[in-house]
Structures are given as C-alpha cells and as structure tokens.
Amino acid sequence: MKNLSFRAKITIWFSGIMAFLVAVTFAIVFWVSNAVVQKDIQDNLVEMTEANADELTYYEQMPELQELYKSQYIIWGDGYLEIDDDFLDVVNGIYTFLCDESGSLLYGENPLARAEMEIPFQNGTVQRLKWNKTVYYVYDRLLVEDGVEGLWLRGIVSEHQGTQQLSWLVRLCTIALPALLVLAVLGGYWIAGNALKPVKQITQAAAQISQGHDLNRRIGLGEGTDELHRLAAVLDDMIARLYHSFQAEQQFTSDVSHELRTPMSVIMAQCEYILEEKRTPEEYEEALESIRRQGKKMSRLIEDMLCFARLEQEGESYPKEQLPLSELVKDVCLDLSLYKRKNISLAWEIEPEIFFYGNATLLARMLSNLIVNAYQYGKTDGSIRVTLSRGEKTVLLSVLDDGIGIAKEQQEKIFERFYRAEAARSGEGTGLGLAMVKDIAKYHGGTVAVISEEGKGSEFRLIFPFENDVF
Ligand code: ADP
C-alpha cells in the first residue's frame, strides 16, 4: 500500500466506499421491496377470499332452471349452496376452497393437502407458515349467512408469488449497480489523475531544477486557486528567491575576489620592484609602507567578511547581553571625536540610562562605521551630530552630518555590499560599511534608513525595538 501512487490509493479508497454503498443500497432496496411485495401478496389474498365469500349463496330448494348446471351446486344441509361463476378458486396463485367445521374439503383445491398439516381456523387473520422450505399465507373467513353458518372459506398463497415481481428488480440492481460502480471507479480514477496532474508537473520541474541546477526554471502552473496551484506559486516564489540569493552570493564572491585582487597586485608589484635591484633605504621604506597599507586594506576586508559570516550564524559568535547603551554610544563618540579630519566637529546628545539587549562589539562597530562615513563624506569645517533617544517602545540612534549628501537614486543602493556612490569612488572605503550597519541593525531586530539631500548632508537613523530592555 505504501508504494502505491496517490492516484491508486485515492481510487482504491473511493472504490471501496462505493462498493460498500452499492451493497448497502442493494440490501435496502431488496429488503424494502420484499416487504412491499409480501404485503401486496397478503392484501390480494384477503381481497380475493373476501370477494369469493360474496359469491356463495344458500338456497333451501334447488331452483329448477339451474338443474342443468348442477356442478355449481353443493348439497348442503337441507338445501343447496350455489357457487357462482365469479367464484375464482385458483387465480394468480391464490387458492380459495370451502371447508366444513372439521376442515373437510367441500369445494375447491387445497394446495397444502399433501402437507397433511392441521391448520387451525382463525377468522379474519393472515397466518404465516412454512412447508417444504416455502412460506405460505393462509386467510380464513367464517361464513355467517343463513344456511351456511359454520362453513369456512380458506385462501392460501405461497410467498413465491411475489418473487417474480422481485426478480426484475433484483436483476435490474445486479446489472445497474455494478455498472454504476465500474463507471464511478473509472470516473474517479480519471478525475484523481487529472487533479494530481499538477503534482507530476511540480515533481518534473523540481527534478529538472535539481538535476540541471537551473534555478531560472519555474513550475508555472498558471492561474488557479486550488491547493496545488498555491503550492506551485509558493515553490516558484521560493525558487526565485533562491535564484536571487545564489546570484547575490556569486556577485559577492566575485566582488570579494575583485577587492582582494587589487591590493594583492599592488603588494606583488611592490615586492618585484624592490627585489629587482638594490634600492635606497627610502625606496625600501616607501615600498614597505605601500605593502603595509594594502595589507591593512586586505585584513580589513577579511575581517568584514568574517563579521558578515558570523552575523549570518546568528548569536554564536556575537552573544547578546543587557548593556548600557547610553554609555556605549558616548564612549564611541568620545573616541571618534579625537579623529580630527577636515576640521569637522563631532557633538552628541545622549539620553542617559538607556539599557539595551545586544552585542557591544557589534553596536560599537555599527556606530563607528556611521561616524567614520560622516567624517569621510563631510565638508571641511563641517559638523556631525550623534543623538540617542528613547521612544515609546523604541530606541532611536541618529548620525547627522552636513557633508556631500547622497543622490536620491543612490540612497537605496548604498546599503548593498560593495556599493559605492560615484562621488565616493576615489575615497579609500570598501563599500561594506553600510551593509554591515544594516546587518548589525537587523541582528538586533532594528532597521536603518537614510534621509539625505545632495550637497546638504545626510542623516542615518537606526530604530530598535526595546520593550523590556529598559529597567
Ligand atoms: P564606503 O564608505 O567604504 O564606500 P559604505 O558602505 O560605508 O562604503 O558606504 C557606501 C556609500 O554610501 C559610500 O561609498 C558613499 O557613497 C555613501 N555614503 C555613506 N555614508 C555617507 C555619508 N555620511 N554622506 C554621504 N555619502 C555617504
């Protein structure tokens, strides 16, 4: 059963139920019809016996004219009993006969004569008895008219009389019901096959995708609102996301290789240059300085890569704890205020006593990335303002500068890894700073947004939820 297809299982289950229903229907039809037919037989028996009772007349003297038809007269007592032509002694399997009180047959035929049974007379009731594996119904009528009082008219009919009526119904049922069953099973098998066709399509598409690693392929079941169409749509969506994340992964790997190649080639070139021939101490110093700069760049890049990878592992490398955020922000600001560049001043406004559940290393790194950027893209004699405040259920951290600003169309892209705006290309950054800010914010359940105007400055706003983080 386990190895059967879904379609076969559905069909077997469905056929079993149908067969059971057909059998029950057949049994009910047979039982009800049989009851109706048997009732019919009994009613006919009573009707016929009563009608025959009306055809008996007693005469004290035999009318002369009827002498010719003596066979219809029975001498009874001091007179004659006339049995009319309309007296039907055997009709439709119903036997009616006349007996005296002792049960001796006076007229007609007793179909149970051979049974030699003593059947007591019961006026006006139908008795049911069995002889030779056949059921018989017996109806007795006591005659009360003058001259014939004490005689009994008895009607007998066998139950077989009704089986003929039943047999056509049984025949109809034995042909029609199995035919219906076959039709239903075939129809069910076909419908199940049709309904499950999308599953086949989904399986094929999934196999092709996994065999050929072709993430560009989609199941494409088309329009539809049933479960399978919804499943296919969800799977298509999932494949599309996988495709994009694979693409991003590939892009990232190629960007990293590219970023590492430049400093590496500079290092190699510097090494070759100083090893070519004897150089002056100044030349050696210059080359080593250049190698150190490039090495630093590479090491920063590798460190960033590691940080991204650890952030994705969620929590193992950067455990969170309850920490005094106000102090942490203040410390970073204090450290970076010493970072004199372009005569830019750094000021801060920090709401005290804000505690936050997070990782101190990451939060400090996130803030310093933003402040360093503000210095880097700030104007000479400009200013930077860091603000930390508490909302109703949030903590807001903002870094505002009056630097070069960011063009509208670039504002979304700056959070992508390795993206650097045109104006910043010449600078020494790697294009990973803001991507890291975004990932660190996400790691703490927060979001980052930028409000900026070209030439006027930028504000980076970080919002963190903190419900129970303050105490
Ligand atoms: P990097 O600074 O190393 O280039 P980031 O990811 O930190 O990389 O920043 C991405 C880009 O966003 C920068 O190249 C720069 O164009 C822009 N940017 C970031 N911060 C600012 C800022 N404070 N003012 C103007 N532009 C900014």
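Numbering of ligands and ligand atoms starts at 1, following listing order. The model shown is predicted, which means the values in this text are computed figures rather than measured ones.
The shortest heavy-atom contact between W348 and C333 is CE3-CB, 3.4 Å. Of all heavy-atom pairs between I440 and L362, the closest is CD1-O, 3.4 Å. Shortest non-hydrogen contact noted between A374 and V399 is CB-CG1, 4.3 Å. In terms of heavy-atom proximity, P319 sits nearest to N359 at O-ND2, 2.8 Å. Summarising the geometry of L462 relative to A441, their closest heavy-atom pair is CD2-CB, 3.8 Å, with the distance given to 0.1 Å.
Ligand 1 lies out of reach of G403, whose nearest heavy atom is not under 4.0 Å from it.
Stacking of R417 on the aromatic ring of F252 is recorded, both the 6.0 Å distance cut-off and the 45° axial limit being met. Relative to the ring axis of Y443, K320 places its NZ or CZ within 45° and under 6.0 Å from the centre.
Of the heavy atoms in L434, both backbone and side-chain atoms come closer than 4.0 Å to ligand 1. Contacts of F460 with ligand 1, taken as heavy-atom pairs under 4.0 Å, involve the side chain alone. Proximity of D401 to ligand 1, defined as any heavy-atom pair under 4.0 Å, is confined to the side chain (atoms from C-beta onward).
The shortest N or O to N or O distance between R420 and ligand 1 is under 3.5 Å. Geometrically, ligand 1 and Y377 share a nitrogen or oxygen pair separated by less than 3.5 Å. The distance criterion of under 3.5 Å between nitrogen or oxygen atoms is met by G431 with respect to ligand 1.
Against a heavy-atom cut-off of under 4.0 Å, S458 is close to the following atoms of ligand 1: 24 (N), 25 (C). When each atom of ligand 1 is checked for a heavy atom of I406 under 4.0 Å away, the hits are 25 (C), 26 (N), 27 (C). Within ligand 1, the atoms closer than 4.0 Å to a non-hydrogen atom of Y419 are 10 (C), 11 (C), numbered from 1 in the order shown.
The option from L400, V437, I414, L432 that lies nearest to atom 17 (C) of ligand 1, judged by heavy atoms, is I414.
At a threshold of 4.0 Å, the pair D226-R230 does not count as salt-bridged, since none of the basic side-chain nitrogens sits closer than that to a carboxylate oxygen.
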